[in-house]
Number of protein chains: 2
Amino acid sequence: MSETKDRPYHHGDLRRALIDTALAMLAADQNWTFTLREVARRTGVSHAAPYKHFRDREMLLRELARIGFVRLGEVMTAALSSDSASVREKFVAGAEACIDFALKNPGLYRLMFSADADKSADPALHDAAMGTFGILLRLLEDGQRDCSFQPVAISAQAAACWAQVHGLAMLAISGQLLEEKVGKEPVQAALNVLLEGLCREK
Amino acid sequence: MSETKDRPYHHGDLRRALIDTALAMLAADQNWTFTLREVARRTGVSHAAPYKHFRDREMLLRELARIGFVRLGEVMTAALSSDSASVREKFVAGAEACIDFALKNPGLYRLMFSADADKSADPALHDAAMGTFGILLRLLEDGQRDCSFQPVAISAQAAACWAQVHGLAMLAISGQLLEEKVGKEPVQAALNVLLEGLCREK
DNA sequence: CAACATAAGTTTCTCCTGTAAACATGGAGG
DNA sequence: CCTCCATGTTTACAGGAGAAACTTATGTTG
């Protein structure tokens with residue numbers, strides 16, 4: 001209650017409020033067409049106020065994407081560390097966490113990989129994305145160390161896994177999975193195909 | 001020369017002209033922010049003319065996406081049929097053709113899988129996408145028939161392959177491949193990992 | 001063959017967005 | 001206490017989506 005209005009500056013922590021509003025809208029609306037004015041409106045400020053905190057529309061989008069990568073990293077890390085399971089089981093858990101995240105936050109996930117979130121334009125965004133990617137790399141290293149995974153170049157395995165999981169996530173979002181042409185448990189099944197090639201022993 | 005102005009109706013085959021202009025712009029401009037007015041302008045007509053051929057902006061976008069799927073199907077089919085190679089080689093050729101297509105037409109490829117090209121809103125688009133997907137299905141069937149691929153549910157293999165190739169394509173477009181964290185030939189390497197799980201004999 | 005119905009294209013208008021510039025305000029430091 | 005500056009607000013302008021009304025060529029029909 002005492003923190004209902006923790007506004008460090010003159011009116012409020014508008015930057016935070018704008019981000020929260022935008023994230024909420026992104027979560028609520030499946031394919032939300034992003035407008036700065038609408039965000040400002042719902043935050044209860046004038047349409048020009050956001051420009052005091054973000055140079056332009058894209059800068060806010062990139063910040064949202066950055067937060068998305070951080071959160072994705074969190075859910076994946078949580079999925080990995082929860083069990084004292086095998087590396088293979090961890091891998092599946094991480095992949096499912098990622099796809100689950102994408103399905104629950106389709107707008108945010110799309111944004112994270114869209115052209116609007118230009119990673120070369122924002123080091124913080126780039127770092128966040130690489131940090132999340134690093135989770136996969138460490139998992140693969142663990143797998144190779146304990147001889148669960150084949151001793152192939154990590155980069156190749158990483159590319160394959162990242163592409164696979166990201167591809168599944170995108171297809172799932174697009175509704176091109178879980179439908180006529182694919183089976184009932186396409187994610188599990190597809191991961192198994194990948195794991196056949198990844199793991200040492202069948 | 002006699003067909004320089006094959007205009008069935010009153011002025012020209014504007015529908016075709018608009019599509020061509022839009023495709024050209026999509027190809028030229030890496031991350032082109034699509035505006036109907038700009039397309040109309042470059043086609044040399046008033047900004048309201050397109051509305052006589054497309055109900056709205058999205059309808060044109062969906063048609064562009066549809067054409068994209070048709071073209072992708074063509075290049076993949078060409079890649080498959082060129083050689084009398086093994087199924088595995090054909091698979092690699094098809095995958096590389098897809099990724100190559102994405103790299104050469106990043107704007108179009110992104111559009112094809114973006115929320116703007118809502119497949120549930122356009123049967124023709126849906127059919128085109130499924131047609132391209134069918135190429136993969138038939139290849140997998142061939143592979144299972146001649147015992148190159150494991151006798152797993154086709155849907156699982158299809159989901160895995162589609163996700164993998166699409167994921168690689170998206171990552172390649174985003175510039176997240178071919179870089180620091182992945183090796184020099186990430187596509188080949190990643191496909192190999194997948195094929196390890198796909199193929200019967202190592 | 002002339003009159004016309006209509007497809008195709010143009011003008012005009014309204015509402016919305018992004019963004020810049022000028023103006024206002026209130027809290028912190030001298 | 002007064003002033004400065006970060007954080008707002010208002011106002012303004014250039015574009016875009018799309019609707020409605022207006023215009024023109026073209027194919028059909030009496």
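Lettering follows sequence order; numbering is per chain, from 1.
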Dump the intermediate steps for salt bridge (Lys or Arg N to Asp or Glu O under 4.0 Å) on B:R42 and B:E38, then the final yes or no. CA-CA 6 Å; B:R42 298 212 195 182; B:E38 181 68 15; 2.8 Å; yes

Strictly under 3.5 Å: I want the nitrogen or oxygen pairs between protein and nucleotides 13-20 of chain C, one per line.
residue: C:dT17; atom: OP2; partner: A:R41; partner atom: NH2; Å: 2.8
residue: C:dG18; atom: OP1; partner: A:L36; partner atom: N; Å: 2.9
residue: C:dG18; atom: OP1; partner: A:R57; partner atom: NE; Å: 3.3
residue: C:dG18; atom: OP2; partner: A:L36; partner atom: N; Å: 3.0
residue: C:dG18; atom: OP2; partner: A:R37; partner atom: N; Å: 3.1
residue: C:dG18; atom: N7; partner: A:R37; partner atom: NH1; Å: 2.2
residue: C:dG18; atom: O6; partner: A:R37; partner atom: NH1; Å: 3.0
residue: C:dT19; atom: OP2; partner: A:Y51; partner atom: OH; Å: 3.2
residue: C:dT19; atom: OP2; partner: A:R57; partner atom: N; Å: 3.0
residue: C:dT19; atom: O4; partner: A:R37; partner atom: NH1; Å: 3.2
residue: C:dT19; atom: O4; partner: A:H47; partner atom: NE2; Å: 3.3

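- One atom, CG of B:L18, and another, P of D:dA17, lie 13 Å apart when rounded to the nearest Å.
- Rounded to whole Å, atom P of D:dT10 lies 13 Å from atom NZ of A:K52.
- In terms of the side-chain hydrogen bond (donor to acceptor under 3.5 Å, both in side chains) criterion, B:D122 has no residue partners (sequence neighbours excluded).
- For B:T132, there are no side-chain hydrogen bond (donor to acceptor under 3.5 Å, both in side chains) partners two or more places apart in sequence or in a different chain.
- Note on ring orientation: taking the six-membered ring where Trp is involved, the planes of A:F91 and A:F149 are perpendicular (angle over 60°, cut-offs 30° and 60°).
- A donor-acceptor pair under 3.5 Å is absent between the side-chain atoms of A:K90 and the main chain of A:A79, judged by distance alone.
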